[in-house]
Amino acid sequence: MHRLQKHIFHKLITNSQLRYSQLKPAEVEGNLFMYHLRQLTKEGLVEKTDDGLYELTPEGKVRADQFSLQLFKPRLQPRIVTLIVCQNEEGQWLMFRRRRQPLYGQVGFPYGKLHIGESVKEAAERELKEKTGLSVALTHRGDGYISICEEGEPVSQILFHLFYGQSPSGKLKARVKAGESFWADIADIKDDKLIVSVPDLIYLLAQNPSQRFFAELNYA
């Protein structure tokens with residue numbers, strides 16, 4: 001982002017609305033400033049009201065929440081995801097082999113990010129359908145944090161909402177862009193291919209069959 005766009009964005013993060021004269025630095029030539037203001041408008045981050053004031057759009061406010069005001073860079077924050085844990089009639093688990101970083105090639109449960117405006121259950125149902133092609137009645141069984149580090153540095157940090165379902169219906173969609181779905185017994189997956197949190201999540205489900213759990217799981 002150009003320094004003038006950062007200036008405009010910063011001013012509108014810390015003010016609800018501003019006039020052009022309040023946004024523009026005195027030392028900056030008008031045409032140059034207007035060019036960068038229009039760029040932010042074209043990107044859908046800034047809009048001009050009927051009163052001639054400038055403010056952040058809803059998309060701009062979402063972007064603003066991702067920035068540190070001190071460094072004015074995107075903050076590294078845990079992703080909010082749904083984890084979908086399913087078993088079939090034989091007791092096998094629905095697994096998902098990742099085909100993207102982080103944790104490329106490792107096997108865990110189907111997962112996905114929440115979208116603005118949807119509930120966590122709606123997100124879980126949507127992600128299950130998109131990732132695997134299956135549908136099932138899901139129960140919200142747990143929440144928590146998972147942090148996975150490599151060589152002392154975090155490579156994956158998530159805030160998760162875990163949903164559980166049994167005997168899903170539909171035709172299994174074996175492969176999507178993000179990875180591959182399949183049924184398996186946990187014991188049949190090599191330890192170096194299994195995402196380290198999977199056994200602990202299964203344990204927590206077994207230990208809390210009638211109530212929702214909360215867990216903070218850290219792996220070095």
Out of curiosity, [X] [atom1] to [Y] [atom2], how far, rounded to the nearest 0.5 Å?
| X | Y | atom1 | atom2 | result |
| --- | --- | --- | --- | --- |
| Leu159 | Thr82 | CG | OG1 | 11.0 Å |
| Leu56 | Leu12 | CG | CG | 5.0 Å |
| Leu83 | Phe96 | CG | CZ | 12.0 Å |
| Met95 | Leu194 | CE | CG | 5.5 Å |
| Thr14 | His10 | OG1 | NE2 | 5.5 Å |
| Trp93 | Asp185 | CH2 | CG | 10.5 Å |

Is there a continuous path of hydrophobic side-chain contacts, each under 4.5 Å between heavy atoms, that joins [X] to [Y]?
| X | Y | result |
| --- | --- | --- |
| Val176 | Leu128 | no |
| Leu204 | Ile158 | yes |
| Leu53 | Ile13 | no |
| Trp183 | Ile202 | no |

### Query
Any Lys/Arg nitrogen of Arg126 or Glu130 sitting under 4.0 Å from an Asp/Glu carboxylate oxygen of the other?
yes
Closer than 3.5 angstrom, by distance alone: can the side chain of [X] be matched with the main-chain N or O of [Y] as a donor-acceptor pair?
| X | Y | result |
| --- | --- | --- |
| Glu118 | His115 | yes |
| Arg212 | Leu162 | no |
| Thr57 | Gly44 | yes |

### Query
Can Lys121 be said to sit on top of Phe163's aromatic six-ring, NZ or CZ under 6.0 Å from centre and within 45° of the ring axis?
no
Determine whether [X] and [Y] make a side-chain contact, defined as any pair of heavy atoms from C-beta on separated by less than 4.5 Å.
| X | Y | result |
| --- | --- | --- |
| Glu125 | Leu138 | yes |
| Cys86 | Val136 | yes |
| Val81 | Leu114 | no |
| Glu127 | Ile84 | yes |
| Leu172 | Leu134 | yes |
| Lys61 | Pro58 | no |
| Leu205 | Phe213 | yes |

Enclosure of [X] [atom1] (heavy-atom neighbours >12, cutoff 6.0 Å):
| X | atom1 | result |
| --- | --- | --- |
| Tyr219 | OH | yes |
| Lys113 | NZ | no |
| Tyr203 | OH | no |
| Asp191 | CG | no |
| Arg19 | CZ | no |

Shortest non-hydrogen contact from [X] toward [Y]:
| X | Y | answer |
| --- | --- | --- |
| Ser181 | Leu94 | CB-CD1, 4.5 Å |
| Gly117 | Glu122 | O-OE1, 4.4 Å |
| Ser156 | Pro102 | CB-CG, 4.2 Å |
| Arg99 | Gly179 | CG-CA, 3.6 Å |
| Tyr104 | Arg100 | CD1-N, 3.3 Å |

Could you go through residues 27-39 and list every donor-acceptor pair under 3.5 Å that involves a side-chain atom there, pairing it with any protein atom two or more places apart or in another chain?
unit_1	atom_1	unit_2	atom_2	d
Glu29	OE1	Asn31	N	3.2
Glu29	OE1	Leu32	N	3.0
Glu29	OE2	Asn31	N	3.1
His36	ND1	Gln5	NE2	3.0

### Task
Could you check Tyr164 against Gln87 for side-chain contact (heavy atoms from CB on, under 4.5 Å), going step by step and ending with a plain yes or no?
CA-CA 8 Å; Tyr164 178 79; Gln87 287 181 279; 2.5 Å; yes
### Query
For Val85 and Leu201, what are the C-alpha separation, side-chain angles and deciding distance, and is it a side-chain contact (heavy atoms from CB on, under 4.5 Å)?
CA-CA 9 Å; Val85 182; Leu201 292 172; 5.8 Å; no
### Task
Decide side-chain contact (heavy atoms from CB on, under 4.5 Å) for Ile146 and Phe160; before the verdict, give the C-alpha distance in whole Å, the side-chain angles of both, and the deciding distance to 0.1 Å.
CA-CA 8 Å; Ile146 298 174; Phe160 70 87; 3.6 Å; yes
### Task
Could you list the residues that satisfy ring-ring contact (aromatic ring centres under 6.0 Å, His included) with Phe109, not counting sequence neighbours?
none
### Message
Would you say Arg79 and Tyr111 are linked by a side-chain donor-acceptor pair, where the criterion is simply a distance under 3.5 Å?
### Response
no
### Query
Between His140 and His161, how do the two ring planes meet: parallel, tilted or perpendicular, split at 30° and 60°?
perpendicular
### Task
Would you sort out whether Asn15 and Gln22 count as a side-chain contact (heavy atoms from CB on, under 4.5 Å), showing the intermediate values?
CA-CA 11 Å; Asn15 294 274; Gln22 295 171 305; over 6 Å; no
### Leu23 and its side chain to side chain contact (heavy atoms under 4.5 Å, CB included) partner, picked from Leu18, Leu4, Val46
Leu18
### Task
Name all pairs fulfilling the side chain to side chain donor-acceptor pair (under 3.5 Å) condition that reach into residues 40-55, sequence neighbours left out, sorted by first residue then second.
Gln17-Glu55
